[in-house]
Amino acid sequence: MKPQMTIDRFRIWLAVILLGITTMGTIWIMEVIRRHADDEQNRSSARSAPDYYVEKFNFIRLSNNGKANYHITGDSLVHLPRTDNIEIKHPQINSFDQDRPPLHLRADLAVVAQKSTLVTPKRDHDEVHLYDNVSMERPEGLSSQFVHVKSDYLLLLPDEDIVKTDKPISITTGKATSTATGMLANNSTQHLSLLSKVRIQLNKREAAPAVKTK
Amino acid sequence: EKADSNKETIIEAGYGESDGKTSVRRLSKGVSLVRGTLIVKAENAVVTEAPNGDQFVVLTGGSSRKVTFRQKRDGGPDLWVDGEADRAEYNQSTEIVKFISKAKVRYLEGKRVTQEQEGEYLSYDSKNDIAVGTNSTSGQHVDGSGSLKIILQPKQEKQAN
């Protein structure tokens with residue numbers, strides 16, 4: 001009687017073991033899948049370190065009509081995936097458009113927060129923040145007079161052709177040198193507002209014209 | 001005084017706007033204009049530019065205050081002229097300051113007023129030291145619309161000191 005019983009018991013135990021192995025197996029596979037998914041999630045949530053950088057470059061942004069809207073050259077360009085921003089060292093920005101007077105800008109650092117759907121909140125227009133030793137020059141043109149703006153910070157909204165700052169600023173034109181704190185300039189309407197502490201120094205007429213500050 | 005004419009003009013204000021196309025500058029929130037010894041203060045100012053680049057400034061006192069001006073006069077160590085009005089115009093090329101409506105101009109020797117004029121329109125040419133006064137804001141004489149008041153103080157005996 002004994003051996004028969006052990007065969008039954010053996011078969012039962014075998015079933016139990018088999019069952020155990022399959023459940024353990026599924027749990028194990030589930031675990032692997034879950035961990036793999038996490039890694040994927042980590043990588044796409046964009047680490048803060050730059051994911052690419054470019055050196056000695058010329059970045060040209062085309063406007064909707066396909067013409068060059070503005071182009072930026074610089075020593076180095078670094079892309080930060082988390083904010084989808086571009087940081088440029090010693091940028092030179094030249095915007096030129098037939099119907100708008102050209103503008104030349106220089107600064108120590110530019111942070112371009114470009115149109116992007118990756119970030120929340122979604123950005124629907126370009127913002128170019130310029131920091132330290134910022135200089136904006138517009139040459140004498142048919143419809144525009146020479147203007148040279150210097151400040152420590154300028155915010156550029158190329159789509160609306162607006163340049164603004166809340167920092168102290170100095171503006172030199174052929175006839176006058178003005179300083180103020182805070183400025184809002186619309187390049188297409190050529191309208192410029194100085195927000196506070198305005199000081200305008202009209203050049204003497206007989207004196208030699210204001211020496212061109214490079 | 002003459003020396004003012006080759007000094008640069010410095011204009012200060014609380015807020016400023018300028019339109020590149022028409023090169024009109026609008027200043028507000030307290031405006032002051034300084035050129036050599038000439039000092040003009042007002043609430044608002046509109047600076048327009050003649051084609052040759054000369055500035056033409058119109059200053060208004062606004063509700064709270066009048067436009068005031070003060071400048072040293074040639075011909076003496078401490079000769080001054082000062083004045084006020086609701087509105088003033090200053091032309092950089094002719095260097096004439098025009099005071100319009102309830103205008104008052106005083107000639108002073110140090111602190112002592114030697115001559116005083118009140119009228120609707122008073123202008124002062126700092127390059128040639130000429131003052132014009134009429135009884136209408138247009139600068140032309142209009143019969144029957146009030147008169148110009150000029151008060152001349154007697155000359156002071158030179159104290160033998």
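Here is the naming used below: chain letters follow the sequence lines, and residue numbers restart at 1 for every chain.
Surrounding OH of A:Tyr53 are at most 12 heavy atoms belonging to other residues, nucleotides or ligands under 6.0 Å away. Within 6.0 Å of the NZ atom in B:Lys72, the count of heavy atoms belonging to other residues, nucleotides or ligands exceeds 12. Atom NZ of A:Lys89 sits in a sparse spot, with 12 or fewer heavy atoms from other residues, nucleotides or ligands closer than 6.0 Å. Applying the 6.0 Å contact sphere to NZ of B:Lys66 captures more than 12 heavy atoms from other residues, nucleotides or ligands.
Pairs passing the ring-ring contact (aromatic ring centres under 6.0 Å, His included) check and including a residue from residues 55-100 of chain B, sequence neighbours excluded, read B:Phe69-B:Phe99. Every pair passing salt bridge (charged side-chain N to carboxylate O under 4.0 Å, His left out) that includes a residue from residues 37-51 of chain B is listed here, sequence neighbours excluded: A:Lys175-B:Glu49, B:Arg25-B:Glu49, B:Glu43-B:Arg65.
In this structure, chain B has no heavy atom under 4.5 Å from any part of A:Ser178. Neither the backbone nor the side chain of B:Lys29 comes within less than 4.5 Å of any heavy atom of chain A. Contact of B:Leu27 with chain A is made through the side chain alone, with heavy-atom distances under 4.5 Å.
Atom CG of residue B:Asp19 and atom OG of residue A:Ser193 lie 10.0 Å apart, to the nearest 0.5 angstrom. The structure places OH of B:Tyr15 at 6.0 Å from CG of A:Leu195, a figure rounded to the nearest 0.5 Å. Summarising the geometry, atom CD1 belonging to A:Ile200 is positioned 13.5 Å from atom CD belonging to B:Glu8; distances are rounded to the nearest 0.5 Å.
Taking each heavy atom of B:Ile11 and A:Leu202 in turn, the nearest pair found is CD1-CD1, 4.0 Å.
Ranked by heavy-atom pairs under 4.5 Å with chain A, the list B:Arg26, B:Glu17, B:Lys7 is led by B:Glu17.
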